[in-house]
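Shown next, in structure tokens, is the structure this report addresses.
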There are 2 protein chains.
Amino acid sequence: MDERERRRIPEATVSRLPLYYRALLETAERKTTTISSERLAEMAGVNAAKVRKDLSYLGSYGTRGVGYDVEYLLAQISQELGLTERRPVIIAGVGRLGQALANYAGFTARGFEVVALLDADPALVGERVGALAVESMGDLARIVRERAVAIAIVAVPAEAAQQVADDLVAAGVTAILNFAPKVIQVPDHVTLRKVDLAIELQILSFYEQRSGPQVSEVAAPVEPIARPAAALDFGEAAL
Amino acid sequence: MDERERRRIPEATVSRLPLYYRALLETAERKTTTISSERLAEMAGVNAAKVRKDLSYLGSYGTRGVGYDVEYLLAQISQELGLTERRPVIIAGVGRLGQALANYAGFTARGFEVVALLDADPALVGERVGALAVESMGDLARIVRERAVAIAIVAVPAEAAQQVADDLVAAGVTAILNFAPKVIQVPDHVTLRKVDLAIELQILSFYEQRSGPQVSEVAAPVEPIARPAAALDFGEAAL
DNA sequence: GCATGTGAATAGATTCACAGCG
DNA sequence: CGCTGTGAATCTATTCACATGC
């Protein structure tokens with residue numbers, strides 16, 4: 001395979017690379033030098049064919065009859081994920097979620113470094129959260145520039161999310177991870193991903209309900225009940 | 001379409017229903033009674049054809065030339081998602097993330113109610129977090145039974161995740177949302193979803209890196225650098 | 001012999017484009 | 001006439017199954 005023409009990794013594969021990465025880190029810790037697609041699949045919670053296909057997109061660095069070299073594969077994947085050096089990240093919004101994220105050990109362990117916490121609330125500015133002091137949103141542009149930040153986490157209330165995203169983009173951020181329960185728009189050159197905690201629960205709820213209450217009180221065949229008082233409330237308040 | 005044979009909603013559709021739900025709640029608040037697929041698509045951040053196809057799986061309750069009745073659609077979707085009544089949820093692991101989740105207003109606003117916080121650490125048991133006191137893991141089975149819990153959130157460290165999941169399943173939980181950065185195994189009758197915060201950042205990092213550093217210091221064509229000291233560390237510690 | 005790598009087959013999701021109906 | 005509903009076309013992802021090469 002041509003060294004320069006192994007680009008264009010399918011989205012589904014990209015979203016699994018971090019899983020392999022994590023599994024490989026674990027494996028490396030145990031001083032195991034080689035791993036089969038089967039074992040890797042088991043650790044990552046997928047199937048072996050998928051692992052092989054996925055890894056083949058990176059350029060196929062396995063050895064037939066043997067498996068993959070753990071260290072080498074780790075290096076390849078870090079390379080792809082842009083984790084060969086520590087990446088500075090800022091967090092906008094220092095509510096409860098923002099604080100939890102600020103202290104989340106997993107980011108650091110995976111090569112990300114939270115280099116600033118920002119909040120619009122003047123009362124919060126100056127407060128310490130972990131090792132960092134909260135800074136003002138007004139200093140955003142300077143901070144992004146000086147600390148070479150490309151990635152930002154948005155953990156502000158839904159109402160503020162779009163404005164904050166606009167500000168981040170204007171400041172030069174090119175990737176946003178949005179935790180606010182709100183769809184936000186960004187220009188094409190900016191990468192956006194979202195995590196909505198309530199949505200995850202709702203999806204779970206769907207499948208849970210399907211599998212039928214285990215205790216089986218299978219009430220009357222679920223009719224489209226006469227419009228349950230639908231809206232619960234919308235104020236999103238505390239992130 | 002047959003009232004009984006409109007089952008089997010595609011996974012991709014299920015994962016978008018909560019998006020529509022949110023958009024519809026917003027719309028309902030504005031006292032708007034009707035909405036087009038186009039408008040709904042815009043609010044949910046998808047395209048109109050997708051909205052129509054998705055909604056058609058629920059049984060097609062729109063009116064041609066007009067659009068969808070907001071209240072009615074809301075009722076249909078809550079129905080599907082099992083949100084017609086408040087669903088009790090427990091959180092296992094009261095570290096920083098657990099606490100943030102415990103206080104997350106979005107859950108309540110979407111029909112979930114956190115009815116217990118559990119931790120294995122005796123020092124934490126009895127501590128108040130928001131409106132709840134932390135309870136002991138030892139009381140898990142009783143709590144699940146008495147409070148009719150089907151859904152649990154796992155926010156414990158990676159090392160403890162599998163054990164906690166096993167305990168939850170044994171206690172009768174049938175749906176788990178896992179925040180621990182670890183693949184966990186559950187029996188078939190249990191629904192599992194995962195949210196891995198570091199993984200989301202890694203995926204973002206991949207695409208960010210792709211789009212090329214905006215400031216373009218396009219260094220030497222990225223060679224598979226001589227194996228960067230791959231493993232950073234694995235201890236996952238503080239969730 | 002054994003586990004990778006990959007074409008070919010299948011399944012699933014998205015998009016198109018227009019018929020159908022209020 | 002406008003907007004839904006949906007087959008058909010397309011694109012993407014997964015899985016199969018086996019030739020390939022260490």
Side-chain angles (χ1 to χ4, degrees), chain A residues 1-3 5-20 23-24 27 32-74 76-77 203 206-207, chain B residues 1-3 5-20 23-24 27 32-74 76-77 203 206-207:
Chain A
M1 189 171 296
D2 175 25
E3 183 64 28
E5 216 352 286
R6 58 157 169 44
R7 308 290 72 166
R8 182 114 318 114
I9 301 179
E11 259 183 63
T13 296
V14 171
S15 65
R16 281 187 297 264
L17 290 182
L19 246 35
Y20 303 147
L24 288 166
T27 308
T32 309
T33 59
T34 246
I35 191 169
S36 68
S37 60
E38 187 131 14
R39 177 82 184 106
L40 185 48
E42 186 191 327
M43 293 181 75
V46 302
N47 71 49
K50 214 180 270 181
V51 168
R52 292 202 298 277
K53 182 69 88 176
D54 283 345
L55 295 184
S56 80
Y57 293 120
L58 306 189
S60 303
Y61 295 113
T63 308
R64 290 166 203 242
V66 179
Y68 300 88
D69 182 279
V70 174
E71 285 296 328
Y72 191 58
L73 199 47
L74 264 175
Q76 289 305 321
I77 295 180
I203 297 173
F206 173 91
Y207 290 108
Chain B
M1 189 171 293
D2 174 26
E3 183 62 27
E5 216 354 288
R6 55 158 171 46
R7 309 292 73 167
R8 182 118 316 114
I9 301 178
E11 259 183 64
T13 296
V14 171
S15 65
R16 281 186 299 262
L17 289 182
L19 247 35
Y20 304 147
L24 288 166
T27 308
T32 308
T33 60
T34 247
I35 191 169
S36 69
S37 61
E38 187 131 14
R39 176 81 183 105
L40 185 48
E42 186 192 327
M43 295 182 74
V46 303
N47 71 48
K50 215 181 269 182
V51 168
R52 292 200 298 277
K53 182 67 93 178
D54 283 345
L55 295 184
S56 81
Y57 293 121
L58 306 189
S60 303
Y61 296 113
T63 308
R64 288 165 205 243
V66 179
Y68 300 89
D69 181 278
V70 175
E71 286 295 329
Y72 191 58
L73 200 48
L74 263 175
Q76 290 306 321
I77 296 180
I203 298 173
F206 173 91
Y207 290 110

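Since the structure is predicted, the reported quantities are computational estimates derived from the model, not experimental observations. Computed over heavy atoms, backbone and side chain alike; hydrogens, waters and symmetry mates excluded. Chain letters run A, B, ... following the sequence lines, proteins first and then strands; every chain starts at 1.
The shortest distance between the side-chain N/O atoms of A/Ser36 and the OP1/OP2 oxygens of C/dA3 is not below 4.0 Å. Look at B/Tyr61 and you won't find any side-chain N or O under 4.0 angstrom from OP1 or OP2 of C/dG22.
When rounded to the nearest whole Å, the span between CG of B/Leu55 and P of D/dC3 equals 16 Å. Summarising the geometry, the separation between CG on B/Leu17 and P on C/dA13 is reported as 13 Å, rounded to the nearest angstrom. The nearest whole Å value for the distance from the CG atom in A/Leu73 to the P atom in C/dA3 is 17 Å. Rounded to an integer number of Å, the gap from B/Asp69 CG to D/dT4 C1' is 14 Å. Here C/dT6 presents its P atom at 12 Å from CG of A/Leu58, a figure rounded to the nearest Å. If you measure from atom OH of B/Tyr68 to atom C1' of C/dG22, you get 14 Å, rounded to the nearest angstrom. Remark: P of C/dG12 and CD1 of B/Ile9 are 15 Å apart, rounded to the nearest angstrom.
Within the structure, the salt bridge (charged side-chain N to carboxylate O under 4.0 Å, His left out) test picks out the following pairs touching residues 35-49 of chain B (sequence neighbours left out): B/Arg39-B/Glu42. Listed by first then second residue, pairs satisfying salt bridge (charged side-chain N to carboxylate O under 4.0 Å, His left out) with a partner in residues 57-66 of chain A number zero, not counting sequence neighbours.
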Exercise. Can you give one letter per nucleotide of nucleotides 12-22 of chain D, 5' to 3': B if a protein heavy atom sits under 4.0 Å from the base, S if only from the sugar-phosphate, - if neither?
Worked result: -SSB-B--BBB
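With sequence neighbours left out, A/Ala48 forms a side chain to side chain contact (heavy atoms under 4.5 Å, CB included) with A/Ser37, A/Ala41, A/Arg52. Residues satisfying the side chain to side chain donor-acceptor pair (under 3.5 Å) test with B/Thr13, not counting sequence neighbours, are B/Asp54. Shown here are the side chain to side chain donor-acceptor pair (under 3.5 Å) partners of A/Thr27, two or more places apart in sequence or in another chain: there are none.
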For this session: Give the C-alpha distance, both sets of side-chain angles, the deciding distance and a yes or no for side-chain contact (heavy atoms from CB on, under 4.5 Å) between A/Tyr68 and A/Leu24.
Result: CA-CA 10 Å; A/Tyr68 300 88; A/Leu24 288 166; over 6 Å; no
